[in-house]
Amino acid sequence: MPYADSSGSRIYYEVHGAGPAILLVHGSGGHHAAWWQQVPALAERFTVAAVDLRGFGNSDSGSAFDEQREVDSLEFPGDITAVLDAADLRDALLVGQSIGAVAALRAAVASDRVSGVVLGHSLGGLNHPELAALAAADRAEAVKLPVIDRLLTPEFRKRSPELTFLFTQMGTFNAATMQDLRNLSTGGPTVEEVEQAGLAVTFLAGERDAVIRPATVRRAHELLPGSRLELVAGAPHSMYWEAPDLFNAAVARARDALTTKETA
């Protein structure tokens with residue numbers, strides 16, 4: 001199995017397909033296998049890599065091998081960079097889901113191998129006072145709901161109980177906890193730093209996202225010059241799972257737009 005070395009940890013990744021590069025970065029309840037509805041579809045046209053951040057899936061984690069050591073989420077961007085190097089991905093599009101988008105944006109700003117990033121259901125940890133206040137207000141409302149209600153719609157859960165069960169089981173393969181992720185969103189890049197990095201940024205949001213309101217994502221798009229906004233009707237926070245065709249199409253559009261920009 002392929003691993004990349006990142007700050008003393010072995011970071012698992014997979015690569016499929018051929019073409020312009022996409023690297024998928026999972027959220028707090030996922031790992032590389034959570035992208036089972038994305039990789040086969042996108043790999044028909046693109047080189048698609050998926051990473052297990054430290055403490056997730058097949059990657060090493062301090063908490064798994066040393067109970068006295070916590071998973072350090074601030075190392076996540078380095079894990080992504082290590083995979084970009086190990087897989088020799090160039091002009092890549094990073095696609096981050098939820099908390100994974102925060103790590104993806106930090107890695108994108110720092111890497112010369114990345115040309116664009118899709119921030120899925122996330123502001124990517126942008127360091128901006130107005131956005132911080134909006135996101136905090138959204139979180140305050142979200143925590144009033146059961147976790148599953150934040151992530152998937154009631155209609156989907158009723159229609160697809162087997163996929164809902166599988167969704168809830170994904171996180172049981174991870175050693176990292178929400179406590180381990182507490183510092184990742186602090187001290188992120190500013191709007192000016194992202195703009196100066198020359199990244200093509202796409203905000204991908206769902207109209208029924210119960211974690212971060214579409215209005216909040218729209219405001220981030222307005223504040224970041226040159227960014228794109230994909231707002232998907234009826235989609236929840238975990239669009240990649242519940243509405244994979246819509247998610248995949250949005251990612252493909254972002255990759256195609258980036259490729260067009262690179263060849264112009």
Taking the basic N atoms (NZ, or NE/NH1/NH2) and the acidic carboxylate oxygens, is any pair closer than 4.0 Å for Arg228 and Glu230? yes

With a sphere of 6.0 Å drawn around CZ of Arg159, does it hold more than 12 non-hydrogen atoms of other residues, nucleotides or ligands? yes

Looking only at side chains, do Thr190 and His128 share a donor and an acceptor under 3.5 Å apart? no

Please walk me through it: do Arg54 and Ser9 pass side chain to side chain donor-acceptor pair (under 3.5 Å)? CA-CA 7 Å; Arg54 64 183 61 212; Ser9 290; 3.2 Å; yes

Backbone N or O of Ala21 within a donor-acceptor pair of the Arg255 side chain at under 3.5 Å? yes

Salt-bridge test for Glu207 and Arg213: reply yes if a basic N is under 4.0 Å from a carboxylate O, no otherwise. no

Determine whether Asp209 and Met239 make a side-chain contact, defined as any pair of heavy atoms from C-beta on separated by less than 4.5 Å. no

If the plane angle is over 60° it's perpendicular, under 30° parallel, otherwise tilted; pick one for Trp241 and Trp36. perpendicular

Just checking, is any N or O donor in the side chain of Ser227 or His221 under 3.5 Å from an acceptor N or O on the other one? yes

Scanning both residues in full, the closest heavy-atom pair of Pro40 with Trp35 reads CD-O, 4.3 Å

Does any non-hydrogen side-chain atom of Phe247 lie less than 4.5 Å from one of Gln97? yes

According to the interplanar angle, ranging from 0 to 90°, do the rings of Phe167 and Tyr240 count as parallel (below 30°), tilted (30 to 60°) or perpendicular (above 60°)? tilted

Taking every non-hydrogen atom, the tightest pair across Pro20 and Phe46: O-CB, 3.2 Å

Could you tell me if Glu242 and Thr153 have a donor-acceptor pair between their side chains, going purely by distance under 3.5 Å? yes

Let me check something: do Ile212 and Leu145 share a hydrophobic cluster, defined by ILVMFWY side-chain heavy atoms less than 4.5 Å apart, either directly or through other members? no

Is it the case that atom CZ in Phe156 sees more than 12 heavy atoms from other parts of the structure closer than 6.0 Å? yes

Should the ring pair His26 and Phe56 be called parallel, tilted or perpendicular, given that the plane angle runs from 0 to 90° and is split at 30 and 60? tilted

Grouping I, L, V, M, F, W and Y whenever their side-chain heavy atoms are under 4.5 Å apart, do Leu246 and Leu42 come out in a common cluster? yes

Close side-chain approach of Val25 and Phe76, heavy atoms under 4.5 Å: no

State plainly whether the residues Arg113 and Asp91 are in salt-bridge range, i.e. N to O under 4.0 Å. no

Joint cluster assignment, Leu223 & Val201, ILVMFWY side-chain distance < 4.5 Å: yes

Run the salt bridge (Lys or Arg N to Asp or Glu O under 4.0 Å) test on Arg139 and Glu141 for me, step by step, so that the C-alpha distance in whole Å, both residues' side-chain angles and the decisive distance to 0.1 Å come before the verdict. CA-CA 5 Å; Arg139 285 193 300 272; Glu141 291 300 312; over 6 Å; no

Hey, quick one: are Leu166 and Leu151 part of the same hydrophobic cluster, counting side-chain heavy atoms closer than 4.5 Å, chains of contacts allowed? yes

Within the side chain of Asp79, is there an N or O that forms a donor-acceptor pair under 3.5 Å with the backbone of Asp52? no

With a 4.5 Å cut-off on side-chain heavy atoms, are Leu94 and Ile80 touching? yes

